[in-house]
Structure formats: C-alpha cells, structure tokens
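The residues of the chain are indexed from 1 along the displayed sequence. Keep in mind that the numbers below use all heavy atoms, side chains included, and drop hydrogens, waters and symmetry copies.
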Amino acid sequence: MRVAIGSDHRGVRLRARLAEFIRSMGEEVIDLGTCSTEEVDYPDIAEAVARMVSSGEAQRGILICGTGLGMCIAANKFPGVRAAPCYDDLTAELSRRHNDLNVLCLSGDIVGEKLADHLVEIWLRTPFEGGRHLRRLNKIAELERRNGKPS
Ligand code: RB5
C-alpha cells in the first residue's frame, strides 16, 4: 500500500515519526512535508496529499495539523476523498469498517506519539466491511456527482 503523508508546521514531529513507523510496517510512504517548523498553510499540504489519493496514486493519505480539522475540511474538497479526524481506537476502527476512510486526519496538538502509532496501525490494518456501508458510500459519491464534484 502506498501512503501519502503531510503536515503543517504543527504536525512536523509527529509526521516524521509516523512516516518511519509506517515504513516499519512494510508500507510505502510518500512524504509530502512540510519539513520545518516555519509556518505553512494547511490547505496547501492537504491539497498535495488529497490529490494523490483522489487520483489513485496513493491508496491512503494521512494529514496532521494542530487539530486535524482544517486538513479534513480541505481534503474533503477532492473527489473520492473521505477524510475525517480520529482520536481513539473506536473512531479509527469504525472509520475503516463503515466509512472506508481513505484520509486519516490527526491532531499534532492533542494526539500523543504512542497513541498516534496505535491509531495509524488500527487504521491501516482494518478492512472496509462493504454491504450496507457500500450502499451509503455510493450515495455520498452520488452527492459529489450531483454537486459538481465527479469522482
Ligand atoms: C495552524 O495555526 C492551525 O490553524 C492548523 O494547524 C490547524 O489546527 C487548522 O485546523
């Protein structure tokens, strides 16, 4: 699996650690920065990661900002992207089982390093359940089409 990862200045440390952690799990990582603590605008990083997921160049994306919220809002502007913040085991697991979440948004301010590793591991290893959940995702894709965002 190819995982694109990016952060703004508030997620730099966590991103660097997670990139290594994901590689140690045997997955390919495309690290899209930012690489310093100099301020950047989170929509620019969200665009780089979400574009890769939307086009299929990456199967998954991970975005980290102060809260995880701005990244989530920006990433969801891209067709086929399903991005949400996860803060605990249950949201990480159900985001995969029910929502087939393909972009995980994390808070660099709130989520500690060990918890982040744990959430990412759950999120990367949990499959989508399909069935009634697929019917609902198809309805979301239809909403995208009807509102000018074809996937
Ligand atoms: C940057 O100061 C901050 O707004 C950003 O990291 C994020 O928390 C936005 O949602």
Side-chain angles (χ1 to χ4, degrees), residues 1-23 25-35 40-111 113 115-130 133-134 136-145 147-151:
M1 187 191 307
R2 183 178 294 147
V3 182
I5 188 167
S7 72
D8 73 359
H9 48 286
R10 300 230 327 239
V12 172
R13 271 176 56 116
L14 192 58
R15 193 198 77 254
R17 177 192 166 93
L18 284 176
E20 280 317 303
F21 178 68
I22 295 165
R23 287 191 183 105
M25 291 176 69
E27 309 297 346
E28 184 185 351
V29 175
I30 309 290
D31 190 344
L32 295 166
T34 185
C35 293
V40 291
D41 295 332
Y42 62 81
D44 297 332
I45 307 292
E47 177 178 7
V49 168
R51 209 174 272 293
M52 285 197 76
V53 174
S54 184
S55 69
E57 284 174 87
Q59 288 69 53
R60 302 281 187 89
I62 296 178
L63 285 165
I64 308 159
C65 62
T67 57
L69 299 177
M71 288 292 198
C72 171
I73 293 166
N76 278 314
K77 301 298 176 195
F78 287 79
V81 167
R82 293 176 298 279
C86 295
Y87 300 104
D88 54 30
D89 292 28
L90 191 64
T91 48
E93 184 183 336
L94 293 184
S95 76
R96 290 290 314 139
R97 288 199 188 288
H98 292 188
N99 310 112
D100 198 14
L101 200 79
N102 54 15
V103 175
L104 173 65
C105 301
L106 292 171
S107 163
D109 291 353
I110 300 165
V111 176
E113 292 182 344
L115 177 58
D117 289 352
H118 183 60
L119 297 181
V120 165
E121 190 165 17
I122 292 171
W123 185 73
L124 287 177
R125 294 293 180 245
T126 303
F128 176 50
E129 277 179 10
H133 303 297
L134 180 59
R136 291 158 187 167
L137 293 193
N138 286 338
K139 289 190 176 186
I140 293 175
E142 179 57 27
L143 291 179
E144 284 188 347
R145 274 190 291 277
N147 290 284
K149 215 169 65 163
S151 41

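For the pair R97 and T126, the tightest heavy-atom approach, listed with the atom from each and the gap, is CG-CG2, 3.6 Å. Of all heavy-atom pairs between G70 and C65, the closest is N-SG, 4.0 Å. In terms of heavy atoms, L106 sits closest to L119 at CD2-CD1, 4.2 Å. Taking every heavy atom of both residues into account, W123 and I62 meet most closely at CZ3-CG1, 3.9 Å. Between S107 and G66, the shortest heavy-atom contact is OG-O, 2.6 Å. Between S54 and P79 the shortest heavy-atom distance is OG-O, 2.6 Å.
One distance of note links CD1 of I64 with NE2 of H9; it measures 13.5 Å at 0.5 Å rounding. Between atom CG of residue L124 and atom CE of residue M25 there is a gap of 5.0 Å, rounded to the nearest 0.5 Å. For the atom pair CG of N138 and CZ of R136, the computed distance is 12.0 Å after rounding to the nearest 0.5 Å. Between atom OG1 of residue T67 and atom OH of residue Y87 there is a gap of 6.0 Å, rounded to the nearest 0.5 Å.
Contacts of I140 classified as side-chain contact (heavy atoms from CB on, under 4.5 Å), with partners at least two apart in sequence or in another chain: L137. Listed by chain and number, the residues in a salt bridge (Lys or Arg N to Asp or Glu O under 4.0 Å) with E121 amount to none (sequence neighbours excluded). When the salt bridge (Lys or Arg N to Asp or Glu O under 4.0 Å) test is applied to R17, the partners found at least two apart in sequence or on another chain are E113, D117. Every ring pair (Phe, Tyr, Trp, His ring centres under 6.0 Å) that H133 has, sequence neighbours left out, goes to H98.
No side-chain heavy atom of I45 sits less than 4.5 Å from a side-chain heavy atom of L32. By the 4.5 Å heavy-atom criterion applied to side chains, L104 and C86 are counted as neighbours. M71 is not listed as a side-chain neighbour of V103, based on a closest heavy-atom distance of 4.5 Å or more. The closest side-chain heavy-atom distance from L63 to Y42 is not below 4.5 Å. You'll find the side chain of D89 reaches within 4.5 Å of the side chain of H118, heavy atoms only. Put simply, the side chain of V49 does not reach to within 4.5 Å of the side chain of I5, judged on heavy atoms.
A donor-acceptor pair under 3.5 Å is formed between the side chain of R82 and the backbone N or O of D100. Side-chain atoms of E144 come within 3.5 Å of backbone N or O of G80 as a donor-acceptor pair. Listed for the N99 side chain is no donor-acceptor partner under 3.5 Å among the backbone atoms of L101.
Among residues at least two apart or in separate chains, there is no ring-ring contact (aromatic ring centres under 6.0 Å, His included) pair with a member in residues 57-77. Among pairs with a residue in residues 51-63, those fulfilling salt bridge (charged side-chain N to carboxylate O under 4.0 Å, His left out) read E47-R51, at least two apart in sequence or across chains.
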| task | Apply salt bridge (charged side-chain N to carboxylate O under 4.0 Å, His left out) to K139 and E142, showing your working. | result | CA-CA 5 Å; K139 289 190 176 186; E142 179 57 27; over 6 Å; no

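A donor-acceptor contact closer than 3.5 angstrom links the side chains of S7 and R15.
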